[in-house]
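Each chain gets a letter, A, B and so on, in the order its sequence line appears, and its residues count up from 1.
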There are 2 protein chains.
Amino acid sequence: MLNKSRLLTPGPTPLPEEVRLALAKDMVHHRKRDFVQVMERIQPGLKYLFGTTQQVLPLSCSGTGAMHAAVTNLFAPGEKVLVVEGGKFGERWREIAQAHGLVVTSLVLENGDAVAAGDVRAALEADPSLRGVLVQASETSTGVLHPVHELGVVTRDKDVLLVVDGISAVGISPCPMDAWSIDCLLTGSQKGLMLPPGLALLALSERAWDRVRAVGSSNFYFNLLAERDKSLGHQTLFTSPVNLLQGLAVSLDLFREQTLEAVYAKQWALTSMARAGAVSMGLELLAKTHFTWGLTSIKLPVGVDGSEVLKVAAERCGVIMAGGQGELKKSLVRLGHMGHVDWSDVLAGLHALRVGLHAAGGYCAARTYLEDAVNAYEEALRDGCPEIRA
Amino acid sequence: MLNKSRLLTPGPTPLPEEVRLALAKDMVHHRKRDFVQVMERIQPGLKYLFGTTQQVLPLSCSGTGAMHAAVTNLFAPGEKVLVVEGGKFGERWREIAQAHGLVVTSLVLENGDAVAAGDVRAALEADPSLRGVLVQASETSTGVLHPVHELGVVTRDKDVLLVVDGISAVGISPCPMDAWSIDCLLTGSQKGLMLPPGLALLALSERAWDRVRAVGSSNFYFNLLAERDKSLGHQTLFTSPVNLLQGLAVSLDLFREQTLEAVYAKQWALTSMARAGAVSMGLELLAKTHFTWGLTSIKLPVGVDGSEVLKVAAERCGVIMAGGQGELKKSLVRLGHMGHVDWSDVLAGLHALRVGLHAAGGYCAARTYLEDAVNAYEEALRDGCPEIRA
């Protein structure tokens, strides 16, 4: 009551009122006409969101479930893939691939670095038996945006599938599947889509579908060919997550009303704002050049305990942010600004960070970090978002 | 989607999640046991909120309805009352009293001034036939807090009822009915109580109830004696606003969990914050010394059109503030910070004011209005809220 709770994590994100009302609608049966209408309604919006003419499949699982579905449908055990390991979610690609019996070559990056397309090209040329490149569009654990557009240029003329985890990118920063020659693009519901967790979305290119047919996965759940058949008939293979799909229909309407361009412009402005505020406080960013548009990873001064910063920010300011993951757990604050989050939320996050930093013994001399942040926001909105480095 | 809508008006205020969920509960019948339980539950919370041992009556009407109920039950046509006219709601007391056939003496104040208790004492001594003093605890149109505590000292030894409109004070700043010798205290649901509009609450002192019996109002609706009889049996005289009362039960639980002291401390900090931010922007406040704790009235520079400021703040920042009322319509911005509003909302309001001011041709040189505001908030929280001038 004294402080509102503000969820500024890299997913789940807050939900818009329109979505919450849709989630509260009465239940319908997933084999009846009412539900078919929901499924008919979402497909054009999903194609717009993904930038594809392909069918986009809803899957009843988390984002990791969709990663598992992609790997097990696109590659046969024993095949070789190249994994971009730029953080915890790059590692997850490797773990899923290894669990499926794939032979993995990893490009392991320093925390905060984006992959260089030239390194991917060199690796593929060094080993022509590699059948896929598995990468995050946005590595959520570090706040780094990998240059997916450039990777598409590398893979499109080779017999190599570009498999992209777009979990913290789709609906946040540009990731047009067809234009960027992405063979598999997937995302989860709880990030840019402004929905609760529990729903994943996945689309494959023509040549990826050919590969799925060739591989002939024996999956019972996550059988993408069977899911596609059902999806073309506006159903799902097994019980559908009904209210999440009712919410999705509304979320997609919001994207089409606002336009993706406007959403990206806002996200670009929020990421510019968060960086400016953190830098004005004298803090360093983890990402060096390629910044994710939906979160900002901020390094804490040596000796400051990140868990204390987060605790104070939550208790004294009501702002819930995330720490680092793995070895970065206590040295990083990840300020999420994706989904249903706006400039004022980021302002709250920056001030809560300062309050937490101060309480945890960090020094912050900056007098104008809030003004610097709003000025950067306004400037970024005015100047528009740049093309992603291509 | 690009900006959240933030309601920073002096009521209605945003609603907490707990209250919204209560409002969405299934309907119950107002003469059945389920509803009686709601009514039993609210009375202790209302007595705590009002600071009284008297029964607090829920009325199905707006705040103005409760003002009408008070005047028509407490005074007989032809009786004389003193009205403190410090703004639009003081005028409203006069209009209601005149409509009921009372003879009104008005103490008309300059906009921004609080009444002086000495002036009330002098008026009552000049005309001993005056039977009541009608006043706002907080004059919402100007953002002025009248010294109700001091007025109680003046009226309590006279045959004069102190009738207090606490619409933007109850649950916002201290207004303890019994301790301050208030004879009638009333409020509406859409301010400090964090509920939708449509419910009013009213309590009377022992001597006020004696007066009600003596006056013997012929009101069919707004018959307070009959409402009290029903209320003691945990019902209302006519159909009850069921879901508002379900919401009230939850809102009152929140007040008791947090304690009134903590709510007042927050409100004091928010009002300190809003003033500091506005002053840092070089703007003047309308109230000179006695500031309402739930809103701040900010004067615009000459030549700046307040309606343009509000329009830009809403369109570009998503922040909905109020203008002035009557002759102050375009020269004032009223930034509401009552109810379910916290420090980050006030920060948003201040920035939106600056954006609107700038767009409307106002000059604002301040570089540190946001920092000055959060610093004032933290300082006020640290130092605690002062006693209301008594």
Side-chain angles (χ1 to χ4, degrees), chain A residues 1-6 8 14 16-21 24 171 194 250-251 253-259 262-267 269-270 277 280 316-319 339-352 354-355 358 366-375 377-378 381, chain B residues 1-6 8 14 16-21 24 171 194 250-251 253-259 262-267 269-270 277 280 316-319 339-352 354-355 358 366-375 377-378 381:
Chain A
M1 187 166 174
L2 302 189
N3 283 319
K4 294 185 185 181
S5 184
R6 288 184 166 78
L8 296 178
E17 180 184 35
E18 296 89 336
V19 168
R20 283 181 278 125
L21 291 173
M194 312 177 293
V250 170
S251 169
D253 285 349
L254 293 174
F255 272 97
R256 288 202 286 182
E257 280 163 27
Q258 292 288 340
T259 77
V263 172
Y264 296 153
K266 169 193 139 180
Q267 288 299 138
L270 293 182
S280 172
R316 287 193 24 205
C317 304
V319 174
H340 186 55
V341 163
D342 74 359
W343 65 274
S344 170
D345 295 311
V346 173
L347 207 54
L350 288 168
H351 181 62
R354 199 222 60 174
V355 170
H358 188 84
R367 279 277 293 148
T368 58
Y369 59 101
L370 297 174
E371 281 77 10
D372 291 344
V374 293
N375 288 342
Y377 174 79
E378 283 165 8
L381 268 192
Chain B
M1 187 166 174
L2 302 189
N3 282 319
K4 295 185 183 179
S5 185
R6 287 183 167 78
L8 297 178
E17 181 184 35
E18 295 90 334
V19 168
R20 283 182 276 124
L21 292 174
M194 311 177 292
V250 170
S251 169
D253 285 349
L254 293 174
F255 273 96
R256 287 201 287 182
E257 281 163 26
Q258 293 288 342
T259 76
V263 172
Y264 297 152
K266 169 193 138 181
Q267 288 299 140
L270 293 182
S280 173
R316 291 196 19 209
C317 303
V319 174
H340 186 55
V341 163
D342 74 359
W343 64 275
S344 170
D345 294 311
V346 173
L347 208 53
L350 289 168
H351 181 62
R354 201 224 58 174
V355 170
H358 189 83
R367 277 276 292 148
T368 58
Y369 58 104
L370 297 174
E371 272 75 13
D372 292 344
V374 293
N375 288 342
Y377 173 79
E378 284 165 7
L381 267 193

**Report entry** Nearest heavy atoms of A:M194 and A:S251, plus distance in Å
**Finding:** CE-OG, 3.9 Å
Requested in this report: Count the heavy-atom pairs under 4.5 Å between each of B:V319, B:V374, B:L347 and chain A, then report the option with the highest count.
Outcome: B:V374
Requested in this report: Measure from the side-chain N and O atoms of B:N3 to the backbone N and O of B:R316, and report whether any donor-acceptor pair falls under 3.5 Å.
Outcome: yes
Query raised in the report: Looking at A:R354, A:E378, A:E18, which has the largest count of heavy-atom pairs under 4.5 Å with chain B?
Result: A:E378
Requested in this report: Could you tell me whether the side chain of A:K266 and the main chain of A:D342 form a donor-acceptor pair under 3.5 Å?
Outcome: no
**Report entry** A:Q267, part contacting chain B, at a heavy-atom distance under 4.5 Å
**Finding:** neither
Report summary line: For B:L8 and B:D345, the nearest pair of non-hydrogen atoms, with its separation, is CD1-O, 3.1 Å
Requested in this report: Before accepting this row, confirm whether a basic side-chain N of the pair B:R367/B:D372 lies closer than 4.0 Å to the acidic partner's carboxylate O.
Outcome: no
Query - chain A contact via B:E17 - side chain, backbone, both or neither, heavy atoms under 4.5 Å - result: neither
Requested in this report: Using a cut-off of under 4.5 Å on heavy-atom pairs, state which of A:C317, A:G318, A:A269, A:A262 scores highest against chain B.
Outcome: A:C317
